[in-house]
Amino acid sequence: MSYIVFARKYRPKAFDEIAGQPHITTTLKNAISQDRVAHAYLFAGPRGVGKTTAARILAKALNCEKGPSPEPCNVCNSCKEITLGSSLDILEIDGASNRGIDEIRNLRESIKFAPSRGRFKVYIIDEVHMLTPEAFNALLKTLEEPPPHVKFIFATTQAYKVPATILSRCQRFDFRRIITKDIVANLRKIAKAEGLDVNDEALGLIARYSDGGMRNGQVILDQISSFAKGKVTADDVAKILGVVDGEILFELSDAIKQKDAAKALLIIDRLVNDGKDINQVVLGLIGHLRNMLVAKVGSNQELLIDASAEKIKRYAEASGGYTAEEILYIIYTFSNTIDLMRKSGLARIPLEAAMVKLTKTGSIISLDEILKRLDMLEGPTAVQTHAQAPAQAHIQAHAHSVKQKPAAETAEANNTISKDVEDVLSSWAKVIDYIKNKKISIASYLQEGYPTSLEGMVITIGFPKELKFHKEMLEGQDNKRLIEEALNKVLGLDLRVALTLVDPVNIKRPESTNSREDSDDHIPEAGESDREQVDPIVKAALEMFGGSIAKTRNSKEKTR
């Protein structure tokens, strides 16, 4: 007899054997017991979660010689034929390869004939969303008023592609992804039946890699059992699947924490030489950092982190050298890296660039922390900011300075413009949020820039010279149009957008209305000796916000 793979050999034969879908199996069993079985069902959900299996069990329950029964006997001729796929009354149709109107017309003709053995003819159409619009139209009338001996069961991974006219004629059941615990329990049962020695760590890794699909886990276990010859370890699973070892992920996160770019690049080089999929490396890093974040800020880590107690403890220890804002920033950076890898077709270079960026970036300071530091500033000086920092979830200590344009001058240039650059900056976070809801990648590029001038109907957005790529990505017409739409919705201004590269440190600041000789308020510019004597905290705040310092006038003013 030919070899039968695990996914077929251990396919559930009764509703109670279907894992992770009690909301569906209970409803179907009650419908059969109460004689309330509908004429058409739609089973929707991810691949490998039990849609076709549930359809076969339902057909078996309806045609069982001891039924209809919510518990098919699996020993009568009808049940055996359905299990083997040889029943003439159960017709399984692949919607992807039988998607035309001719196939549906043939189906309509066959519906007229009574079942050969059982009570019902059951038509199971898999991937039903692949049918053509003409085929769906041909099916409508039959689906609405089928003969009493016919039942339809449709299965699909993309229910949104099924026409509303079809959906309205079916009872819909949405299958869920199967949780890791249920997949592990099923795989452990199979391993025991097959005489395989599989440790819990290996089973957990298989289950996590299955992405909520029981069939995926069974196929992986089947493949690995051949490789390991009876004994399966987590290392075997990692080798077969190309999964990045957890220790490597800890090394990479430690390299970021230690600001060691050379170490990070060497690890990436080793992964490339080992043939690892760089996309999977980045996805693994994102999941790793997510677990670190949960270990740092969440409670009930055992429920939120799918790992052993020892591994959860390591996540907590690894997160100790980070703030929550820093972990969020790193996750956000790697998410953008995935987006860039997909667009550019490159893999290694974007990851290396992201690693260098993260290891060279200064500490990420939250807005609350910045405000606390400003509150602590004491003395006769006061900070006058020329630009309002964008209210983002995290603000880097090397925040950019901004060129200011007086509002009165703007109004003279065009009386339809009532806001100057400071007004735009005050709402810049809202502009970013609006774009983020539309297209997160564009928002991520835009938040690295800042408005530098507002002249007439044109607002100029500057980017540091090292971020030339961000500027180029935003120069597409669709991306510019989205930015202009956000400005219109948030500010009520019909502006055109121009993008430029600027030096974020040496932006020219507006001159004082008084001359240097006559003004008592003059403070030397950056680089002058007086500026070097400014308190370090004040100096950091000035650089952060692009501000200047106004000295307190003496009680005795000069006579003019």
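Given the structure is predicted, the values throughout are model-derived calculations rather than measurements.
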Report task. Please check if the side chain of Asn273 supplies one atom and the backbone of Asp269 the other of a donor-acceptor pair under 3.5 Å. Result -> yes

Report task. Take Arg496 and Ile459, measure what side-chain contact (heavy atoms from CB on, under 4.5 Å) needs, and give me the verdict at the end. Result -> CA-CA 6 Å; Arg496 302 280 76 82; Ile459 183 168; over 6 Å; no

Report summary line: Distance col, row Leu252:CG vs Glu247:CD, nearest 0.5 angstrom, shows 11.5 Å

Query raised in the report: Quick one: do the Asn186 and Asp182 side chains pair a donor with an acceptor below 3.5 Å?
Result: no

Query raised in the report: Does the side-chain contact (heavy atoms from CB on, under 4.5 Å) test come out yes or no for Leu265 and Val356, once each step is laid out?
Result: CA-CA 8 Å; Leu265 293 179; Val356 172; 4.3 Å; yes

Query raised in the report: Going through the checks in order, is the ring-ring contact (aromatic ring centres under 6.0 Å, His included) test met by Phe173 and His23?
Result: CA-CA 9 Å; Phe173 290 89; His23 62 296; 8.0 Å; no

Query - Donor-acceptor pair, side chain of Lys51 and main chain of Gly45, under 3.5 angstrom - result: yes

Report task. Check step by step if salt bridge (charged side-chain N to carboxylate O under 4.0 Å, His left out) holds for Lys9 and Glu194. Result -> CA-CA 11 Å; Lys9 186 176 181 180; Glu194 294 291 324; 2.9 Å; yes

Query raised in the report: Is the NZ atom of Lys13 crowded by more than 12 outside heavy atoms at less than 6.0 Å?
Result: no

Query raised in the report: Do the side chains of Tyr445 and Lys471 get nearer than 4.5 Å, heavy atoms only?
Result: no

Query - Note, Asp200 side chain near Val184 side chain (heavy atom, < 4.5 Å) - result: no

**Report entry** Non-hydrogen side-chain atoms of Leu474 and Phe463 separated by less than 4.5 Å
**Finding:** yes

Query - Within 6.0 Å of NZ in Lys430, more than 12 heavy atoms from elsewhere - result: no

